[in-house]
Number of protein chains: 2
Amino acid sequence: MKTTVGDWTESFLGTRNLPRRVRDKLLHEARVVSYKQGQQVFGPDNIPDSLMFLHAGRIRVSQSSDAGREIVLYRVEAGESCVLTTACMLSEEAYNAEGIAETDVTAITLPKTSFDRLAAEEDSFRGFVFSAYSRRLIDLLRVVDDVAFGRMDVRLAERLLALGEGHSEIQATHQALANELGTAREVVSRILNDFQKRGLILQTRGRITLQNKPQLERLADSA
Amino acid sequence: MKTTVGDWTESFLGTRNLPRRVRDKLLHEARVVSYKQGQQVFGPDNIPDSLMFLHAGRIRVSQSSDAGREIVLYRVEAGESCVLTTACMLSEEAYNAEGIAETDVTAITLPKTSFDRLAAEEDSFRGFVFSAYSRRLIDLLRVVDDVAFGRMDVRLAERLLALGEGHSEIQATHQALANELGTAREVVSRILNDFQKRGLILQTRGRITLQNKPQLERLADSA
DNA sequence: TGCTCTTCAGTGACAATGTCACCCAACGCA
DNA sequence: TGCGTTGGGTGACATTGTCACTGAAGAGCA
């Protein structure tokens, strides 16, 4: 099922307060791209030459170490832009972050020349891009703070609560949680076992049930 | 000794390839500010409402934890712009990064309205700002990588080599080094004592002498 | 010279986290 | 039913962070 650019005009960036004129311009020059869940959107060996705006789905941006450990930097949600790619376009530095489609994803990409022109002509577009950069900077500040100063049990409790928002069942392996937090599976296992002994959660293979959210929240807030 | 804006036209941003016309525009609307060494340029309680371009000196941007630990995120050198302040202007999020003048500093600040207009009118200015954002993003990626995956002895060796570039004498307390790396003084002391036992350095109070740079480099490269 | 005060560094014990080398259990599938 | 794959458990050890001290080095001053 092919989606054409035109179909989006109503929905894309609707929440971003971009005037209709800007959206039309943007969509006029854009190309549609889509990725299947699990596919790599960008990475060290796959640097795109255009700016990407996410229409639907979610991209997980993470960084991995030589030793095979991994940490999630942030997630790009529908309506947001993925500025890291442009950052890497500009500075030729090596980096080892990659973006993975966490769900099926559709996005539009804007060639660099179109991007430049839009940024020149449209205040709102420019503001959108600047604020996208800012958001990511702030996100990364948070990650640095967590990793440098945070306790692992606190961070894990936070993630569990985030993943269990609205319900109490979480589908995630210990390894996956470790990759979120930039730690090792064994560490996650230890802490989860401790949580279970304390009655905060229940575990079965690949699934965690939050038994006592209030206390988990107290733990998470004791940052 | 007061410096007027006009005096800078030749020197400011000279290396950035901004056309003369752009520099003139920029300087026309700018205000000069200066800070003494050690003074706080910005911080959680001190969010500027304008964009800053550094003319001379160096600013250390660091983040600190509630427990009093601290980590250096990056440094802003002459000719660069400090985008973190603008990031925080845009997103109202709380953050706990601060900028300290590491040397005496002179800079120009551009009010938000002037910034917007320049960004609209001048391609080269816009490019400059985008690339400043990119640089910081990349810097932060590096910090995350170091903190999440790096070994402390390796990181410390790196810092020592950076600080001892060109000579071999470093003036720094263990506490100061700990604040660079986001760790505790005791940890730095332990590692430095180990370095000394291995003949890599010599220590006296507040001073470190690099005795064996090649081996330190091997250590630093074994990241 | 000696005294005092402040800053800087050293130490040992312990807790938290990361690493390694395993083992075992649960599940999917033929 | 057996088998291979994946997820998880465990103990030993290394590294790093925390705490509560101690002592040493320098600055200033009588």
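Heavy-atom basis, side chains included; hydrogens, waters and symmetry copies ignored. We name chains A, B, ... by the order of the sequence lines, and we start the count at 1 in each one.
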Atom pair distance, as rounded to whole Å: CG in B:Leu177 and P in C:dG10: 12 Å
For D:dG8, does OP1 or OP2 lie under 4.0 Å from any side-chain N or O of A:Asn193? no
Do the side-chain N or O atoms of B:His174 get closer than 4.0 angstrom to the phosphate oxygens (OP1, OP2) of C:dG10? yes
Can you check the B:Glu70 CD to D:dG17 P distance for me, whole Å? 15 Å
Can you confirm whether B:Tyr133 sits close enough to A:Ser134 that some side-chain heavy atom of one is under 4.5 Å from a side-chain heavy atom of the other? yes
Close residues, residues 197-205 of chain B, relative to DNA chain C [heavy-atom separation under 4.0 Å]: B:Arg205
Considering just the side-chain nitrogens and oxygens of A:Ser189, establish if one lies under 4.0 Å of OP1 or OP2 belonging to D:dG9. yes
Please name all residues satisfying side-chain hydrogen bond (donor to acceptor under 3.5 Å, both in side chains) with B:Arg58, sequence neighbours left out, ordered by chain then number. B:Glu102
Step by step, work out the side-chain hydrogen bond (donor to acceptor under 3.5 Å, both in side chains) result for B:Thr209 and B:Glu169. CA-CA 5 Å; B:Thr209 310; B:Glu169 290 284 311; 2.8 Å; yes
Return a single string for nucleotides 14-24 of chain C, one symbol per nucleotide in 5' to 3' order, where B is base contact, S is sugar-phosphate-only contact and - is none, cutoff 4.0 angstrom on heavy atoms. --SBBBBB---
Do A:Asp153 and A:Phe195 have side chains that approach each other closer than 4.5 Å (heavy atoms only, starting at C-beta)? yes
Find the distance B:Leu192:CG to C:dC8:P and express it as a whole number of Å. 15 Å
Rounded to the nearest angstrom, tell me the gap between atom CZ in B:Phe195 and atom C1' in D:dT15. 13 Å
Would you indicate whether the side-chain heavy atoms of B:Glu180 and B:Val72 approach each other to under 4.5 Å? yes
Could you check how far CD of A:Gln175 sits from P of D:dT5, rounded to whole Å? 18 Å
List for me each residue that meets side-chain hydrogen bond (donor to acceptor under 3.5 Å, both in side chains) alongside A:Gln215, sequence neighbours excluded, and say none if there are none. A:Asn212
Residues two or more places apart in sequence or in another chain: which of them pass side-chain hydrogen bond (donor to acceptor under 3.5 Å, both in side chains) with A:Glu77? none
Restricting to side chain to side chain contact (heavy atoms under 4.5 Å, CB included), what partner residues turn up for B:Arg185, sequence neighbours left out? B:His174, B:Gln175, B:Ser189
Heavy-atom check, side chain of A:Val61 versus side chain of A:Arg136, under 4.5 Å: no
